[in-house]
Protein chains: 2
Amino acid sequence: MFRGQFTYSIDSKGRISIPAKLRRHVSAEANDTYMMIRGTSTCIDIYPLNEWLLFEAKLNKLNPFKPDEIRFIRTLLQHVAEDTLDSQSRILIPQILIEYAKIEKEVLILGALNKIEVWNPKIFEEYLKQSDETYEQIAAKVMS
Amino acid sequence: MFRGQFTYSIDSKGRISIPAKLRRHVSAEANDTYMMIRGTSTCIDIYPLNEWLLFEAKLNKLNPFKPDEIRFIRTLLQHVAEDTLDSQSRILIPQILIEYAKIEKEVLILGALNKIEVWNPKIFEEYLKQSDETYEQIAAKVMS
DNA sequence: CCAATTGTGGGGAAAAGTGGTGAATTTTCC
DNA sequence: GGAAAATTCACCACTTTTCCCCACAATTGG
């Protein structure tokens, strides 16, 4: 499972290193392959291939004859991209996802259980502020 | 279960020894791996891996497509870091946690049941003073 | 009192992160 | 259809960080 945050940078070609500490938790089944999609917030979600396949299996159980469900599937799959690590452990993020997540130079990489999220640090900060619950309250709920 | 307090020092690289007397209480399942996280007070909480996994299991049951629940996951995992003991039984504390806990040179290491807390000794002293109630009063309330 | 363990410090090799070059392929345009 | 331009992608190079190892004083325990 992925956890923790890392501040990295994206280069002029749109490449991002996958942090070594996250890479250690990627199964060998993933074959250094990652799937990228639009996040549900203003960020990019990155799944190792094996985790993606599990997620895809869930999508497959949806009913494509229900308007809501097919719309969800289409919206999601529209911007899926696949890439394999280069020799420096980086993946190339498609321009359209970079724009969607409003990413500039600095990126915040967040380990979030079965996926890795990529944020513009400023946007992530704003996102956290919007919450009613403080860190203390959330911690109290989970850690008790 | 962890108990007792120890005054140690953090070195210039941000490493802290885990006291031998606490280490004896760590399960072999933990694989010498510890998770560090922002404490709810001005301190750092350290969990052996196996203890931490209990919390993570709770997070795993949440639905990351529900805005409230993914927010919860992000807020918590943001402040988590992982490390394994080196050959001298030390772990490396990330700079961001050191700053959060306002740690300088001396640290107070506190065994606190299922976790280990790391404090700046001065801050811990202040924390104890801050309460209006005496030890006796608090004990009466909590233990009844 | 001696041997083993523990806590602290630091050097140096290896890994990690970042940036860039240039060949190969694809696309564009005349 | 073919040359020029643009894109892709496999490498190469450099700097910084990480982490593995050695060293040593202090403490503990028999």
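Every chain is numbered from 1, with letters handed out A, B, ... down the list of sequences.
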Q.
Measuring to OP1 and OP2 of C/dA15, would you say a side-chain N or O of A/Arg24 lies under 4.0 angstrom away?
A. no

Q.
C/dT8, OP1 or OP2 - any side-chain N/O from B/Lys105 closer than 4.0 Å?
A. no

Q: Tell me which of B/Leu85 and A/Gln88 sits closer to the 5' end of DNA chain D, going by the nucleotide each one is nearest to.
A: A/Gln88

Q. Quick one: is C/dT18 close enough that its OP1 or OP2 comes under 4.0 Å of any side-chain N or O from A/Ser9?
A. yes

Q: Could you tell me from which nucleotide to which nucleotide of DNA chain D, 5' to 3', there is an atom under 4.0 Å from chain A heavy atoms?
A: D/dC9 to D/dC19

(Q) Which residues pass the salt bridge (Lys or Arg N to Asp or Glu O under 4.0 Å) test with B/Glu56, not counting sequence neighbours? (A) A/Arg3

Q. Whole-Å distance between C/dT5 P and B/Lys21 NZ?
A. 16 Å

**Q.** A/Ile16 CD1 - C/dG19 P separation (whole Å)
**A.** 12 Å

Q: May I have the distance from B/Arg90 (atom CZ) to C/dT5 (atom P), rounded to whole angstrom?
A: 18 Å

(Q) Using whole Å, what does the distance between atom P of nucleotide C/dG20 and atom CG of A/Asp11 come to? (A) 8 Å

(Q) Would you call the rings of A/Phe55 and B/Phe65 parallel, tilted or perpendicular, taking 30° and 60° as the class edges? (A) parallel

Q | Most 5' of B/Lys13 and B/Thr7 on DNA chain C, judged by nearest nucleotide | A | B/Thr7

Q) Is the distance between the ring centroids of A/Tyr135 and B/Tyr100 under 6.0 Å? A) no

Q: Starting at atom CG of A/Asp86, determine the distance to atom P of C/dT21, rounded to an integer number of angstrom.
A: 17 Å

Q) Pick from B/Leu110, B/Ile16, B/Leu22, B/Ile44: which one makes a side-chain contact (heavy atoms from CB on, under 4.5 Å) with B/Ile116? A) B/Leu22

**Q.** side chain to side chain contact (heavy atoms under 4.5 Å, CB included) between B/Arg90 and B/Leu85, worked out
**A.** CA-CA 5 Å; B/Arg90 291 173 294 197; B/Leu85 292 187; 5.9 Å; no

Q: Would you kindly give the CZ-to-C1' distance between B/Arg15 and C/dG9, to the nearest whole Å?
A: 7 Å

(Q) Can you see whether A/Ser41 engages B/Arg74 through a side-chain donor-acceptor pair at a distance of less than 3.5 angstrom? (A) yes

Q: Test ring-ring contact (aromatic ring centres under 6.0 Å, His included) on A/Tyr34 and A/Phe2 and set out the steps.
A: CA-CA 14 Å; A/Tyr34 295 83; A/Phe2 303 119; 8.1 Å; no

